There are 2 protein chains.
Amino acid sequence: MPARQIPKPRARRQAPEARPYHHGDLRRVLIDAALQLAAEGADVSVREAARRAAVSPGAPFRHFPNRDALMAAVAEEAQRRFRAEIETTLADARPAGPLARFRAFGIAYVRWAMRNPAHFEIISTGRYFAHGSSAELTRDNAELVVLTERMLAEAAAQGLLRSTDLKRILIAGRALIYGFARMNLDGHFPRWGVGEGEIERMAEEVIDLFIAGIAKS
Amino acid sequence: MPARQIPKPRARRQAPEARPYHHGDLRRVLIDAALQLAAEGADVSVREAARRAAVSPGAPFRHFPNRDALMAAVAEEAQRRFRAEIETTLADARPAGPLARFRAFGIAYVRWAMRNPAHFEIISTGRYFAHGSSAELTRDNAELVVLTERMLAEAAAQGLLRSTDLKRILIAGRALIYGFARMNLDGHFPRWGVGEGEIERMAEEVIDLFIAGIAKS
DNA sequence: TTCAATATGTAATCGTTGATTACATTCCCG
DNA sequence: CGGGAATGTAATCAACGATTACATATTGAA
């Protein structure tokens, strides 16, 4: 047998009992651990993420200059998932007409925020945009803005809107949707007499009210 | 002179150089220090509040069982100021008609949130409601809800509204206003092409759009 | 008035966290 | 090969929330 057998990338020499000195892809694992921590409602600490990755407390700082950089990467990943689900939802149930699409967008937005509250919080806060603000995060977000912009432009082109001030409508619509999602996240609804089970239906009603308000006749 | 002169409450015996062992009203001072810390954008720590009150790091825990209790008291105070300013504003510029009052409410709401971002954040988050949730905090908030409820009920009674689903309108309106305030707080507007100076005008436009949407004819 | 119970402050200490530094191990490319 | 570059560990630091034992002031009842 020639000596040149496959380099065998140190194939997890777990011979005695030791893990390999180098972790496979620590960066990714840390981000996943942080996402999971957030999803569990725990507060995300660098050390706990390191602990879950079975790595020393200092190791994460080889991949992120500080905690905020880790959180920025977490926000990036969460934003990516958020955008992906919104777009998938819109692609699946392809609603007829721009306003129906706008409605579907708003509902999908609120639903994701309800089902992933901690991740939505991380995305929303903007605390992790300022720092690294990795182009990707900004881009994923801008894509969603463009998405709704197009819906409204199309609606205007079809003469469905009472007003042509699209920017105003766009921001009002986003404020409504974002505000609704955050009211839920921030625990306002119990104080408003909206029970846990009614929230999704209320979201639909509220969005419908808005659309009825901007639609012609 | 009779021996019965006024008890003179130990009148700050700063005779040599020492402050009195007991602080005057440490609880109040700690809350104020925490409010100031928040307003400065620093993160609020019990120790720093103690430092500003010139008191040992353990002293605050005589008045608050833990940090969250301090933050709850801070939220309570901020909420009190918030409500006071809203009501004062509405009382001063008494707008004609329920919808004009609703408009003024929304604008005052957003303005306070813009000028007191850190305090608004503390109020909004609801993280400090859950714990002590002092009745006062809840009450101040409920008062503001009732305020807007009455406006809409009055508008409905005067036949100004297209729909009579007041709860839906109420929540939609609140979501819009809260969402707008939080979009600003969370730093979304730069990404939406809304400059710092335009935000207040945009708030008015957005509220007007909403009112036009719910108003009859 | 006195004095003892209570309220309120200090000092010392603990465990956790973010962060840095010096050192160890592995990877990879010339 | 062999020597940097990448990536991990170990040790350490300061700041923070929290607790405990102790010190001092306030207050109300005998």
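Just so it is clear, the structure is predicted and the values come from calculations on it, not from any experiment. So you know, we letter chains A, B, ... as the sequences are listed, proteins then strands, and number each from 1.
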*Asks:* Between B:Phe61 and A:Ala59, which is nearer to the 5' end of DNA chain D once each is assigned its nearest nucleotide?
*Replies:* A:Ala59
*Asks:* With a 4.0 Å heavy-atom cut-off, tell me which residues in residues 36-51 of chain A come close to DNA chain C, sorted by residue number.
*Replies:* A:Ser45, A:Val46, A:Arg47, A:Arg51
*Asks:* I need the CG-C1' distance between B:Asp25 and C:dA7, as an integer number of Å.
*Replies:*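 One finds 13 Å between C1' of C:dA7 and CG of B:Asp25, rounded.
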*Asks:* Under 3.5 Å, side chain of B:Lys167 to main-chain N/O of A:Val194, donor-acceptor pair present?
*Replies:*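 No, the answer is negative, given that no donor and acceptor are paired below the 3.5 Å cut-off.
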*Asks:* Expressed as a whole number of angstroms, how long is the span from B:Asp68:CG to D:dA18:C1'?
*Replies:*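 About 13 Å, once rounded to whole Å.
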*Asks:* Return the value, rounded to whole Å, for the distance between atom CE of A:Met71 and atom P of C:dT17.
*Replies:*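 Answer to the nearest Å: 14 Å.
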*Asks:* Dump the intermediate steps for side chain to side chain donor-acceptor pair (under 3.5 Å) on B:Glu85 and B:Thr89, then the final yes or no.
*Replies:* CA-CA 6 Å; B:Glu85 179 160 319; B:Thr89 299; 4.9 Å; no
*Asks:* Between B:Leu70 (CG) and D:dC16 (P), how many Å, whole number?
*Replies:*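 From B:Leu70 CG to D:dC16 P: 14 Å.
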*Asks:* Using a 6.0 Å cut-off, check whether atom CD of A:Glu196 has over 12 heavy atoms from anything other than its own residue.
*Replies:*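 Open: at most 12 neighbouring heavy atoms sit under 6.0 Å from CD of A:Glu196.
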*Asks:* Of all the nucleotides listed (C:dT10, C:dT8, D:dA18), which has the minimum atom distance to the side chain of B:Ser56?
*Replies:*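 From the listed options, C:dT10 comes nearest.
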*Asks:* Distance-only, no hydrogens or angles: does the B:Asn66 side chain make a donor-acceptor pair with backbone N or O of B:Ala69 under 3.5 Å?
*Replies:* yes
*Asks:* Let me confirm one number: the CZ-NE2 distance from A:Arg174 to B:His188, rounded to the nearest 0.5 Å.
*Replies:* 7.5 Å
*Asks:* With under 30° as parallel and over 60° as perpendicular, where do the rings of A:Tyr109 and A:Phe120 fit, or are they tilted in between?
*Replies:*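 The rings of A:Tyr109 and A:Phe120 stand perpendicular, inter-plane angle above 60°.
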*Asks:* Would you kindly give the CZ-to-P distance between A:Arg67 and C:dT16, to the nearest whole Å?
*Replies:* 18 Å
*Asks:* Name the residue closer to the 5' end of DNA chain C, choosing between B:His63 and A:Pro57 according to the nucleotide with the nearest heavy atom.
*Replies:* B:His63
*Asks:* Using whole Å, what does the distance between atom C1' of nucleotide D:dA25 and atom CG of B:Leu26 come to?
*Replies:* 14 Å
*Asks:* How long is the line joining CG of B:Asn66 and C1' of D:dG17, in whole Å?
*Replies:*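 Taking atom C1' of D:dG17 as the reference, CG of B:Asn66 is at 9 Å.
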